[in-house]
Asks: 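My structure is below; once you've seen it, I'll send some questions.
Residue numbers begin at 1 in each chain, while the letters A, B, ... track the order of the sequences.
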Protein chains: 2
Amino acid sequence: MNNNNIFIEKLRSAGLRPTIQRINICKVLFDRKKTFHFTINHLKTLLQEKTDQKISQATVYNTINALTKKGHLKEISINSEKNYFDTNITSHHHFYNESTKELIDLQDSDIGKINIKKPLPGKKIKSIEVLVKVANNN
Amino acid sequence: MNNNNIFIEKLRSAGLRPTIQRINICKVLFDRKKTFHFTINHLKTLLQEKTDQKISQATVYNTINALTKKGHLKEISINSEKNYFDTNITSHHHFYNESTKELIDLQDSDIGKINIKKPLPGKKIKSIEVLVKVANNN
DNA sequence: CTCTACTTTAGAATCATTATAAATTACACA
DNA sequence: TGTGTAATTTATAATGATTCTAAAGTAGAG
Ligand SMILES: [Mn+2]
Ligand SMILES: [Mn+2]
Ligand SMILES: [Zn+2]
Ligand SMILES: [Zn+2]
């Protein structure tokens, strides 16, 4: 795989040694065109499917936590059932399809400008994110 | 306490027998002027403080889950650290103060009208909620 | 008042996540 | 290109939140 060098650089820049396990995680996470929303369990399944290398649960957790702390992943809370991570690390909006349990990124242009009318003395806004819950008709 | 009858009615309307434990939970949850955002642990602490009656952990969980299922409470996901519940069961927006870990309701009038520009064929919008994360200025 | 279904409870079970500590590996530098 | 050391991986144990179990207690219809 030719992207390996990119992943190795990504890991190095985060202060992580590029081990086989971590490179395989990067392949599954970042070797795709669209944003990837996933749970740890989903990721573990994909790792089993897509790679030969065995990988322990602890390494999956450690690596995802490290990538998240370094800002290469974002944690997303939709409900208390599942803990999601997101390869789109920008501040952005989501559709959540309650019928399919699918999470989809929204572009800023998909939602009108949001302006906070309430004054916030002594406080700094860190992010403004919209969650639109939808369900399939019938 | 004079509100007891209100709580008893509330419980009855949800098909729950008004036991001492459940009435005490209602007192802590609903006997207040403003929206109450809480975690189970927070609630357990308040129950100990404000009532004499002992109450088991299982009863707290069972009752909160029953009230939530019946629509008297709403579950709120801000982050994966803590699971919050909300006595404001309407669809509404929140400020989350990352410095104080405080969650505050926003009125619709605090935020400009949000309109979804993206067409959603075959889907029905269930809710549109904004989460504004803020932090104290150093 | 009595009976029965509902409720409470302590404790066990489960599930996701984190900690531990021994074996393995990456890689700086000799 | 070897060696030493710190970083990493891993199996397994521990933890913490939540749910389950099943025995004892209670509400309330009749
Ligand atoms: Mn986490
Ligand atoms: Mn729940
Ligand atoms: Zn996203
Ligand atoms: Zn609220």
Side-chain angles (χ1 to χ4, degrees), chain A residues 4-5 7-28 37-48 51-70 72-73 75-85 101, chain B residues 4-5 7-28 37-48 51-70 72-73 75-85 101:
Chain A
N4 275 22
N5 292 321
F7 300 145
I8 290 175
E9 274 323 298
K10 187 164 208 144
L11 291 166
R12 281 243 161 76
S13 76
L16 300 173
R17 285 187 178 173
T19 63
I20 294 167
Q21 292 87 342
R22 283 169 177 170
I23 290 168
N24 280 332
I25 287 174
C26 284
K27 279 181 192 168
V28 173
H37 299 104
F38 64 97
T39 62
I40 296 285
N41 271 333
H42 185 195
L43 176 59
K44 281 194 288 183
T45 303
L46 291 180
L47 282 166
Q48 282 190 320
T51 67
D52 296 321
Q53 179 74 25
K54 293 160 201 64
I55 184 166
S56 75
Q57 175 166 264
T59 296
V60 177
Y61 273 99
N62 288 340
T63 303
I64 294 304
N65 285 339
L67 289 173
T68 303
K69 186 180 296 176
K70 297 293 181 179
H72 293 296
L73 290 173
E75 216 169 342
I76 306 282
S77 276
I78 301 299
N79 57 51
S80 61
E81 309 285 293
K82 291 179 177 184
N83 189 21
Y84 292 90
F85 292 87
K101 267 93 174 96
Chain B
N4 275 20
N5 292 320
F7 301 146
I8 289 174
E9 275 323 297
K10 189 163 207 147
L11 290 167
R12 282 241 160 76
S13 76
L16 300 172
R17 284 188 181 172
T19 62
I20 294 167
Q21 292 87 343
R22 284 169 177 169
I23 290 169
N24 279 333
I25 288 174
C26 283
K27 279 181 191 166
V28 174
H37 299 104
F38 64 98
T39 63
I40 295 285
N41 271 334
H42 185 195
L43 176 59
K44 282 195 288 184
T45 304
L46 291 180
L47 282 166
Q48 283 190 320
T51 68
D52 296 322
Q53 178 74 25
K54 293 160 200 64
I55 184 165
S56 74
Q57 174 165 265
T59 296
V60 178
Y61 273 99
N62 289 339
T63 303
I64 294 305
N65 285 339
L67 289 172
T68 303
K69 187 181 296 178
K70 297 294 181 181
H72 293 296
L73 291 173
E75 214 169 343
I76 306 282
S77 276
I78 301 299
N79 58 51
S80 60
E81 309 285 293
K82 290 180 176 182
N83 188 21
Y84 291 90
F85 293 87
K101 266 91 173 96

Asks: Using the rule given for side chain to side chain donor-acceptor pair (under 3.5 Å), can you reason through Glu75(A) versus Ser80(B), listing the C-alpha separation, both sets of side-chain angles and the distance that settles it, and then say yes or no?
Replies: CA-CA 8 Å; Glu75(A) 216 169 342; Ser80(B) 60; 2.7 Å; yes
Asks: Taking OP1 and OP2 of dT19(D), is either one under 4.0 Å from a side-chain nitrogen or oxygen of Tyr61(B)?
Replies: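 Answer is no, no contact under 4.0 Å.
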Asks: Please check the phosphate of dA17(D) (OP1 and OP2 only) for any side-chain N or O of Asn41(B) closer than 4.0 Å.
Replies: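 Answer is yes, contact under 4.0 Å.
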Asks: Figure out the CG/C1' separation between Leu43(B) and dA17(D), and round it to whole Å.
Replies: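 Nearest whole value for this atom pair: 15 Å.
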Asks: Would you check if the side chain of Asn41(A) reaches a backbone N or O of Lys44(A) as a donor-acceptor pair within less than 3.5 Å?
Replies: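 Checked: no pair found.
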Asks: Does OP1 or OP2 of dT18(D) have a side-chain N or O of Asn83(B) closer than 4.0 Å?
Replies: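 So the side chain of Asn83(B) is within the cut-off, an N or O lying under 4.0 Å from OP1 or OP2 of dT18(D).
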Asks: With a 4.5 Å cut-off on side-chain heavy atoms, are Leu16(A) and Leu67(A) touching?
Replies: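 In short, these two side chains touch, coming nearer than 4.5 Å.
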Asks: Specify the separation, in whole Å, of atom NZ of Lys82(A) and atom P of dT18(D).
Replies: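 To the nearest whole Å, that distance equals 18 Å.
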Asks: Any chance you could list the contact pattern along nucleotides 3-11 of chain D? Use B for base contacts, S for sugar-phosphate-only contacts and - for none, protein heavy atoms under 4.0 Å, 5' to 3'.
Replies: ----SSSBB
Asks: What is the distance from CZ of Phe85(B) to C1' of dT18(D), rounded to the nearest Å?
Replies: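 To the nearest whole Å, that distance equals 10 Å.
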Asks: Would you say that Asn24(A) contacts Ile55(A) through its side chain, given a criterion of any heavy-atom pair below 4.5 Å between the two side chains?
Replies: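 The answer is no, as the side chains (C-beta and beyond) never meet within the 4.5 Å cut-off.
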Asks: Whole angstroms only, please: what is the CD1-C1' distance between Ile64(A) and dA16(C)?
Replies: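 These atoms are roughly 15 Å apart.
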Asks: Any side-chain heavy atom of Phe7(A) sitting closer than 4.5 Å to one from Ile25(A)?
Replies: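 Sidechains of Ile25(A) and Phe7(A): no contact.
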Asks: Whole Å only: how far is the NZ atom of Lys44(B) from the C1' atom of dG16(D)?
Replies: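 About 10 Å, once rounded to whole Å.
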Asks: Between C1' on dT8(C) and CD1 on Ile23(B), what's the gap in Å once rounded to a whole number?
Replies: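 For the pair Ile23(B) CD1 and dT8(C) C1', the rounded distance is 14 Å.
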Asks: If we ignore hydrogens and angles and just use 3.5 Å, is the side chain of Arg12(A) paired with the main-chain N or O of Pro18(A) as donor and acceptor?
Replies: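 Checked: no pair found.
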